[in-house]
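I have placed the structure first, in the form of structure tokens, so that the comments after it can refer back to it.
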Amino acid sequence: QVQLVESGGGLVQAGGSLRLSCAASGRTFSSYAMGWFRQASGKEREFVARISWTGGSTYYANSVKGRFTISRDNAKNMVYLQMSSLQPEDSAVYYCAAASRRYTPVTETIADFGSWGQGTQVTVSS
């Protein structure tokens, strides 16, 4: 139901910052909890952050807590991931995801999300 397109990835030096954007289509975007996941080469896809449909509740993986910030602008059908103090370990393909159902809370579980973007590559050099 929700079409997602990520952008903003690229090559960044360690310690730098990067802002990822996710553009969503659909009239009901504001009713879906959103999340960011990442998948490094040779590893499983892992949870990064999630945000409630109103933006009032956020949750982060311990590995990014204090460095990453998820936000959304429902008027623009956009969700963002502001990343700072980037480390080489953050290098991965980052995916934007929408909850499987409207007005439904999500956890860090992949199964809670029903729509996924194509991913955007983030590479952090040492």
Side-chain angles (χ1 to χ4, degrees):
Q1 296 297 122
V2 183
Q3 301 297 123
L4 306 171
V5 179
E6 303 95 335
S7 63
L11 177 62
V12 185
Q13 289 187 320
S17 299
L18 197 64
R19 189 196 197 195
L20 304 183
S21 298
C22 175
S25 63
R27 308 175 196 170
T28 59
F29 170 73
S30 62
S31 64
Y32 288 91
M34 301 292 295
W36 285 96
F37 289 76
R38 67 186 183 186
Q39 186 168 21
S41 180
K43 301 184 67 176
E44 299 82 14
R45 189 167 301 187
E46 66 174 348
F47 168 80
V48 175
R50 57 87 166 157
I51 188 169
S52 62
W53 51 89
T54 64
S57 179
T58 59
Y59 186 81
Y60 301 89
N62 288 333
S63 59
V64 306
K65 192 175 302 181
R67 299 188 299 119
F68 290 12
T69 301
I70 187 172
S71 62
R72 68 190 298 163
D73 186 338
N74 288 341
K76 298 181 182 294
N77 274 27
M78 297 288 292
V79 62
Y80 307 97
L81 185 68
Q82 179 67 51
M83 306 181 293
S84 63
S85 300
L86 285 165
Q87 305 168 359
E89 300 77 58
D90 296 316
S91 297
V93 176
Y94 283 71
Y95 297 90
C96 179
S100 297
R101 295 194 295 272
R102 299 171 62 195
Y103 298 117
T104 303
V106 296
T107 67
E108 69 275 18
T109 304
I110 292 175
D112 288 347
F113 298 84
S115 300
W116 297 82
Q118 84 288 349
T120 184
Q121 177 71 51
V122 173
T123 303
V124 184
S125 61
S126 60

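Please read all numbers here as calculations on a predicted model, not as lab measurements. Computation of the quantities below employed the complete heavy-atom set of this structure, encompassing side-chain atoms and omitting hydrogens, waters and symmetry-equivalent molecules.
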Q | CA sep, side-chain torsions, deciding dist, call: Trp116, Ile110, side-chain contact (heavy atoms from CB on, under 4.5 Å) | A | CA-CA 10 Å; Trp116 297 82; Ile110 292 175; 3.6 Å; yes
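- Put simply, the side chain of Met78 reaches to within 4.5 Å of the side chain of Ser21, judged on heavy atoms.
- A distance-only check finds no donor-acceptor pair linking the side chain of Tyr80 to the backbone of Thr69 [under 3.5 Å].
- Put simply, CE on Met34 and CG on Asn74 are 9.5 Å apart, with the number rounded to the nearest 0.5 Å.
- Counting only heavy atoms from C-beta outward, the side chains of Ser30 and Trp53 never approach each other to under 4.5 Å.
- Closest approach of Thr58 to Tyr60, counting heavy atoms only: OG1-CE1, 3.7 Å.
- In this structure, the separation between OH on Tyr59 and OG1 on Thr107 is 9.5 Å, given to the nearest 0.5 Å.
- The minimum heavy-atom distance between Ala24 and Val2, with the atom names listed, is CB-CG1, 4.1 Å.
- In terms of heavy-atom proximity, Gly56 sits nearest to Ser52 at N-OG, 3.2 Å.
- Counting only heavy atoms from C-beta outward, the side chains of Val12 and Val122 never approach each other to under 4.5 Å.
- Atom SG in Cys22 sits 6.5 Å away from atom CZ in Phe29 (nearest 0.5 Å).
- The side-chain heavy atoms of Tyr94 and Glu6, taken from C-beta on, include no pair separated by under 4.5 Å.
- Closest approach of Ser17 to Ser85, counting heavy atoms only: OG-N, 4.4 Å.
- Between Trp36 and Cys96, the closest side-chain pair of non-hydrogen atoms falls below 4.5 Å.
- Annotation: side chain of Arg38 is in contact with side chain of Ser63 (closest heavy-atom distance under 4.5 Å).
- Side chains of Arg72 and Thr54: a donor-acceptor N/O pair is absent below 3.5 angstrom, by distance only.
- Within a 6.0 Å sphere centred on CD of Gln118, heavy atoms belonging to other residues, nucleotides or ligands number more than 12.
- Atom OG of residue Ser126 and atom CD of residue Glu89 lie 9.5 Å apart, to the nearest 0.5 angstrom.
- Across every non-hydrogen atom of Ser100 and Gly114, the tightest pair is OG-N, 3.2 Å.
- Taking 4.5 Å as the limit, some side-chain heavy atom of Phe47 sits within range of a side-chain heavy atom of Phe37.
- Rounded to the nearest 0.5 Å, atoms OG (Ser91) and CD (Gln121) are 7.0 Å apart.
- Pairing each heavy atom of Lys43 with each of Gln39, the nearest pair is O-NE2, 3.1 Å.
- Salt bridge annotation for Arg67-Asp90: present, with a cationic side-chain nitrogen under 4.0 angstrom from a carboxylate oxygen.
- Residues Val106 and Leu4 do not share a hydrophobic cluster, defined by chaining ILVMFWY side chains whose heavy atoms lie under 4.5 Å apart.
- Counting heavy atoms of neighbouring residues, nucleotides and ligands inside a 6.0 Å radius, atom CD of Gln3 does not exceed 12 of them.
- Distance check, rounded to the nearest 0.5 Å: OH of Tyr95 to CG of Leu20 gives 13.0 Å.
- Following chains of ILVMFWY side-chain contacts shorter than 4.5 Å, one can reach Met83 starting from Val48, so the two form part of one hydrophobic cluster.
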